[in-house]
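Notes for the one structure printed next.
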Amino acid sequence: MPELPEVEIYARYFAEHALGQKITSVDVLDERILGARKEEFVRALKGRSFTTVRRHGKHLFAKAGKSWLHLHFGMSGDLAHYRDPDPPPRFARVVFNFAGGAHLAFEDMRLFGVVDLTPSPDEYIREHRLGPDPVDAKFTLRTFRKIAERRRGAIKALLMSQDVIAGVGNLYADETLFQSSIHPRRPVDRLSDAELRSVFRNLRRILREVIVRRGRNADHPRRYVIHHREEGARCPRCGGEIRRTVVFGRTTYFCGKHQR
DNA sequence: TTCCATGTTCCGCA
DNA sequence: TTGCGGAACATGGA
């Protein structure tokens with residue numbers, strides 16, 4: 001379940017269970033997940049320790065020696081820590097084995113994720129043209145206004161374009177627009193400044209709120225539309241009808257009554 | 001069996 | 001040039 005808040009939680013989980021521990025070996029259980037050559041990947045990590053963890057958008061980076069491990073979780077990626085004699089989880093694709101019998105598995109049922117190496121997060125961000133991270137302190141209303149000024153098309157598409165803002169996916173884009181009372185297909189150049197400000201504030205608040213609540217879906221506040229992603233459901237805000245459509249190629253839920 | 005899924009990329013069209 | 005629809009990728013759950 002990985003959008004920005006989930007990946008932030010994974011980053012903290014990774015730090016808690018992997019930082020400072022000696023990597024005795026690395027098991028690649030399914031090479032299809034690997035963006036690097038297996039031998040090179042294992043050689044770069046084996047015998048070293050992870051010393052720093054960083055997140056940018058939906059990407060997680062962990063430094064080991066001279067290179068950085070890069071994790072992208074796709075649609076179904078997750079991390080799982082376990083100890084001997086427990087077996088790896090069912091969909092473990094790469095397992096980092098640590099001294100003392102602890103393990104950290106990268107699991108990903110659908111294999112849309114990526115595990116590879118990069119010389120540095122900054123280089124990765126540049127090469128892959130990732131936009132600013134919206135939770136970062138440097139991401140201000142001013143930044144967001146500037147982004148919106150040179151953008152046409154649906155507001156939902158802007159929120160989900162990783163080269164514009166890095167980290168927002170389908171669920172939190174919908175949630176942001178729901179709480180901002182804005183229709184997901186509304187063109188960016190037809191939003192008032194007050195609406196732009198509302199999107200900015202709600203986006204940051206929602207992402208932070210979910211991180212603080214540790215990201216599990218059931219823990220999201222009751223007022224969130226995320227619990228009502230179903231055609232014909234009742235809007236938790238105004239009692240209107242929840243409608244389903246497709247925007248930017250993704251299933252989109254919105255309240256037909258209060259989102260305009 | 002059929003449809004759907006929290007993501008990304010590439011192609012083609014307007 | 002920009003934006004976006006559609007398909008493809010791989011797999012399991014309802």
Side-chain angles (χ1 to χ4, degrees), chain A residues 1-11 13 29-35 55-60 70-79 89-94 106-116 118 124-125 127-131 133-135 147-178 183-191 203 206-207 209-211 213-220 224-233 242 244-254:
Chain A
M1 17 179 270
E3 293 186 35
L4 185 154
E6 290 79 29
V7 178
E8 174 61 29
I9 289 156
Y10 295 167
Y13 188 86
L29 276 43
D30 192 323
E31 285 196 46
R32 290 175 296 174
I33 203 75
L34 228 49
R55 179 194 60 74
H56 186 92
K58 303 174 193 173
H59 300 261
L60 193 155
H70 164 240
L71 301 179
H72 189 275
F73 297 88
M75 293 275 263
S76 55
D78 203 348
L79 294 176
R90 184 173 168 200
F91 296 109
R93 308 298 186 182
V94 176
F106 178 93
E107 45 180 345
D108 184 7
M109 181 182 83
R110 289 173 67 188
L111 288 167
F112 286 174
V114 176
V115 176
D116 64 355
T118 183
Y124 185 91
I125 291 163
E127 274 188 8
H128 293 262
R129 300 197 159 76
L130 294 177
D133 185 288
V135 167
I147 286 169
E149 267 170 27
R150 46 187 160 81
R151 182 86 190 185
R152 317 260 137 166
I155 179 65
K156 177 165 178 177
L158 177 150
L159 291 176
M160 287 187 65
S161 295
Q162 302 300 300
D163 56 342
V164 177
I165 296 172
V168 183
N170 197 30
L171 263 39
Y172 296 118
D174 277 2
E175 194 61 53
T176 298
L177 296 172
F178 173 83
H183 192 291
R185 235 192 289 273
R186 186 103 80 79
V188 177
D189 53 351
R190 277 197 264 151
L191 292 177
L203 174 62
I206 289 164
L207 296 176
E209 209 159 55
V210 173
I211 291 168
R213 289 168 177 253
R214 305 243 102 212
R216 294 289 155 190
N217 215 311
D219 298 334
H220 295 155
Y224 276 32
V225 75
I226 203 164
H227 304 295
H228 310 274
R229 294 179 70 78
E230 190 187 351
E231 175 98 66
I242 298 299
R244 175 196 157 122
T245 183
V246 174
V247 181
F248 201 53
R250 305 303 301 277
T251 304
T252 300
Y253 294 91
F254 67 102

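Proteins come first, then strands; the chains are lettered A, B, ... in the order of their sequence lines, and each starts at number 1. Values in this document were obtained by computation on a predicted structure and should not be read as measured data.
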Whole angstroms only, please: what is the CZ-C1' distance between A:Phe248 and C:dG5? 10 Å
Taking a pair as Watson-Crick or G-U wobble with both distances under 3.5 Å, which nucleotide is matched to C:dA10? none
Are any of the side-chain nitrogens in A:Asp174 or A:Arg250 under 4.0 Å away from the carboxylate oxygens of its partner? no
Taking the ring of A:His183 and the ring of A:Phe254, is the distance between their centroids below 6.0 Å? yes
Side-chain touch A:Glu6/A:Asp78, heavy atoms, less than 4.5 angstrom: no
Contact under 4.0 Å: A:Arg151 side-chain N or O vs C:dG3 OP1/OP2: yes
Between B:dA5 (C1') and A:Asp78 (CG): distance, integer Å: 16 Å
Go through B:dT8, B:dT6, C:dG12 for me and flag the one nearest to the A:Arg90 side chain. C:dG12
Whole angstroms only, please: what is the CG-P distance between A:Leu159 and B:dT6? 16 Å
Return the nearest nucleotide to the side chain of A:Tyr253; candidates are C:dT11, B:dT6, B:dA5. B:dA5
C:dC4 OP1/OP2 closer than 4.0 Å to side-chain N/O of A:Lys156: no
Is any side-chain nitrogen or oxygen of A:Arg32 closer than 4.0 Å to OP1 or OP2 of C:dA10? no
For A:Arg244, which contact category applies under a 4.0 Å heavy-atom criterion: base, sugar-phosphate, or nothing? sugar-phosphate
What is the distance from CZ of A:Arg93 to P of C:dG12, rounded to the nearest Å? 8 Å
It should be established whether A:His72 places a side-chain nitrogen or oxygen under 4.0 Å from OP1 or OP2 of nucleotide B:dT8. yes
Applying a 3.5 Å limit to both distances, which nucleotide forms a Watson-Crick or G-U wobble pair with B:dC13? C:dG3
Kindly say if A:Lys58 contacts the phosphate of B:dG7, meaning a side-chain N or O under 4.0 Å from OP1 or OP2. yes
Out of C:dC4, C:dT11, B:dT6, which has the shortest distance to the side chain of A:Ala154? C:dC4
Give the C-alpha distance, both sets of side-chain angles, the deciding distance and a yes or no for side chain to side chain donor-acceptor pair (under 3.5 Å) between A:Asp133 and A:His56. CA-CA 6 Å; A:Asp133 185 288; A:His56 186 92; 4.8 Å; no
Taking any heavy-atom pair under 4.0 Å as a contact, classify A:Phe73: base, sugar-phosphate, or nothing. nothing
Watson-Crick or G-U wobble partner of B:dT1, both distances under 3.5 Å: none
Hey, which of these two, A:His128 or A:Arg110, hits DNA chain B nearer its 5' end, going by closest nucleotide? A:Arg110
How close do A:Ala154 and A:Pro184 get, counting heavy atoms only, and between which atoms? CB-O, 3.6 Å
Answer yes or no: does a side-chain N or O of A:Thr251 lie under 4.0 Å from OP1 or OP2 of B:dA5? yes
Give a yes/no on whether any side-chain N or O of A:Arg152 is located under 4.0 angstrom from OP1 or OP2 of B:dA14. no
Of the nucleotides C:dC9, C:dC4, C:dT11, which one has an atom closest to the side chain of A:Phe112? C:dC9
